[in-house]
Amino acid sequence: MSARDPLDAVVVGGGVIGLSIGWRAACSGLAVAVIDPTPGHGSTWAAAGMLGPVGEAHFGEDRLALLNVAAARQWPAFARDLEEASNRAIGYVASGTVLAAMDASDRRVIDDVLTFQTDLGLSPRRLSSRECRELEPLLSPGVVGGAEFPDDHQVDNRLIVDALLAASDRSGVTVIIDEVSAVNSKDGRVTGVTLRNGGTLDSGAVVVAAGCWSGGLGGLPHQVIPPVRPVKGLTLRVRASKGTPVLTRIVRGLVHGKSCYLVPREDGTVVIGATMEEKGFDLTVQVGSVHDLLRDARAVIPAIDEYELIETTTGLRPGSPDNAPLIGRTSMEGLFMATGHYRNGILLAPVTADAVVSLLDGKGVSDVIGSFGPDRFDSQQVGPPSGPVGVGT
Ligand SMILES: Cc1cc2nc3c(=O)[nH]c(=O)nc-3n(C[C@H](O)[C@H](O)[C@H](O)COP(=O)(O)OP(=O)(O)OC[C@H]3O[C@@H](n4cnc5c(N)ncnc54)[C@H](O)[C@@H]3O)c2cc1C
């Protein structure tokens with residue numbers, strides 16, 4: 001095994017969460033290995049890369065909304081550090097987001113959400129239909145009003161994977177292309193992991209960051225198995241052909257009660273998303289889902305009719321019973337969770353990585369993240385989450 005043995009920490013899973021933890025841990029001087037059979041190709045690959053603390057603030061999720069705001073504040077510095085450490089661009093763009101309603105009922109829903117967001121101390125701005133189109137000229141003339149979220153930005157989730165892998169390499173993280181079959185322990189304390197190929201790694205700490213697969217890891221005692229489940233999502237990638245007008249900012253639409261979004265990248269690609277389906281680990285791209293998504297996106301931005309459809313991708317969000325992540329120590333000594341990031345794992349990566357590294361260093365975490373410890377589910381029956389209805393990243 002090429003990893004420094006024994007390690008200070010093994011991270012199980014190399015999505016945006018595991019790779020961010022690995023890189024930040026190495027920066028703080030820890031000997032760390034990240035293990036994943038296909039790094040960056042889980043939910044992280046399918047995502048749209050929105051960093052949307054305001055657009056993602058939903059009824060009943062007040063604490064999560066505040067965590068999302070804290071996470072968004074960390075992004076500019078994280079993006080700068082990562083670009084410098086990797087010598088790669090990650091497409092962080094602070095262009096803001098416009099939310100558009102397509103009928104009076106959609107408008108009323110948006111008005112209610114804006115009141116809730118404003119009560120939380122967030123800063124959405126109500127817009128008339130004319131103001132919406134001034135902000136984004138490609139919006140349909142059928143838009144009846146909406147809102148602007150100036151603080152909701154974006155990053156290219158696929159460029160982040162490349163950058164995290166490069167930064168990890170440069171900072172001494174050992175990335176192992178394999179699967180962890182079991183977490184090993186002795187006398188209630190973590191001792192390392194066993195790999196699918198039969199090898200073992202000794203480590204004083206193990207961080208479970210295996211997204212929606214975290215609950216299936218071998219060797220975890222019943223009481224620390226994280227209650228995460230896959231929530232399927234479809235994104236489409238389309239591209240403006242030469243001479244076709246391009247979007248200037250992220251557009252979210254509410255179309256007769258259904259949500260969609262369009263996220264324009266600097267290279268002319270637009271990511272359209274997303275469906276939310278409880279279908280276990282199924283990753284099939286279904287014709288009906290593609291149709292519904294395109295129908296709603298076309299209603300908001302008719303110009304995409306002229307775009308080329310270049311990709312359909314499904315991914316599995318790591319959902320949790322309260323739609324919030326599980327970040328922190330478990331009751332098994334040396335075992336940490338960093339999973340369940342559901343709709344906002346790209347947004348939450350910096351704040352999660354810093355919290356986990358702080359815990360690995362034997363320090364504490366801030367109050368805003370402290371309440372998302374995995375122990376909050378210890379005595380609960382796990383059931384499906386309640387919402388939000390029809391809205392998804
Ligand atoms: C359609 C869609 C759109 C989204 N849009 C956004 C968005 O705009 N903004 C946002 O913030 N979030 C968004 N998300 C959510 C975001 O993608 C996730 O929250 C985030 O990627 C979770 O990261 P992760 O590293 O925990 O999981 P993943 O990216 O799924 O990574 C988990 C990794 O663990 C590995 N693994 C599994 N089992 C093992 C094992 N036994 N051993 C080793 N490795 C293992 C897998 O191979 C995988 O690479 C979206 C998600 C979807 C599906």
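Quick caveat, the model's predicted, so the values are computed rather than measured. Both counts, for ligands and for their atoms, begin at 1 and track the order of listing.
- Checking side-chain atoms of Thr200 against main-chain N and O of Val193 turns up no donor-acceptor pair under 3.5 Å.
- Among residues at least two apart or in separate chains, salt bridge (Lys or Arg N to Asp or Glu O under 4.0 Å) pairs with a member in residues 326-336 are Arg189-Glu333.
- Relative orientation of the His41 and Trp45 rings is parallel, given thresholds of 30° and 60° on the angle between their planes.
- Heavy atoms of Pro37 come nearer than 4.0 angstrom to ligand 1 in at least one pair.
- Residue Gly233 has no N or O atom closer than 3.5 Å to an N or O atom of ligand 1.
- For ligand 1 and His341, the ligand atoms under 4.0 Å from any heavy atom of the residue are 19 (O).
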Full working for side chain to side chain donor-acceptor pair (under 3.5 Å) between His153 and Ser95:
CA-CA 6 Å; His153 303 151; Ser95 57; over 6 Å; no
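- Counting heavy atoms under 4.0 Å from ligand 1, residue Trp45 does not touch it at all.
- Distances below 4.0 Å separate heavy atoms of Leu217 from the following atoms of ligand 1: 41 (N).
- At least one heavy atom of Val12 sits closer than 4.0 Å to an atom of ligand 1.
- Taking the centre and axis of the six-membered ring of Phe372, the NZ or CZ atom of Arg63 falls inside the cone set by 45° and 6.0 Å.
- Using a 4.0 Å cut-off between charged nitrogen and carboxylate oxygen, Asp292 and Arg295 count as a salt-bridge pair.
- Of all atoms in ligand 1, listed by their number and element, those nearer than 4.0 Å to a heavy atom of Arg317 are 1 (C), 2 (C), 51 (C), 52 (C), 53 (C).
- Near Thr235, meaning under 4.0 Å from one of its heavy atoms, ligand 1 places the atoms 1 (C).
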Show the atom names and distances, to 0.1 Å, of all donor-acceptor pairs under 3.5 Å that link a side chain in residues 300-308 to residues at least two apart or in another chain.
unit_1 : atom_1 : unit_2 : atom_2 : d
Asp305 : OD1    : Arg298 : NE     : 2.4
Asp305 : OD1    : Arg298 : NH2    : 3.3
Asp305 : OD2    : Arg298 : NH2    : 3.1
Tyr307 : OH     : Pro245 : O      : 2.5

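- Residue-ligand proximity: Pro39 is placed with every non-hydrogen atom at 4.0 Å or more from ligand 1.
- Contacts with ligand 1 closer than 4.0 Å are made by no heavy atom of Lys232, backbone or side chain.
- Less than 4.0 angstrom separates some heavy atom of Val180 from each of these atoms of ligand 1: 40 (C), 41 (N), 42 (N), 43 (C).
- Set against the non-hydrogen atoms of Tyr261, the atoms of ligand 1 under 4.0 Å away are 3 (C), 5 (N).
- Which parts of ligand 1 touch Ile17 is read off a 4.0 Å heavy-atom cut-off, strictly below it: atoms 23 (O), 24 (P), 25 (O), 26 (O).
- Close approach to Asn344 involves these atoms of ligand 1, each under 4.0 Å from a residue heavy atom: 10 (C), 11 (O), 12 (N).
- Neither the backbone nor the side chain of Thr313 has a heavy atom within less than 4.0 Å of ligand 1.
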Stepwise side chain to side chain donor-acceptor pair (under 3.5 Å) test for Thr244 and Ser241:
CA-CA 6 Å; Thr244 327; Ser241 44; 2.8 Å; yes
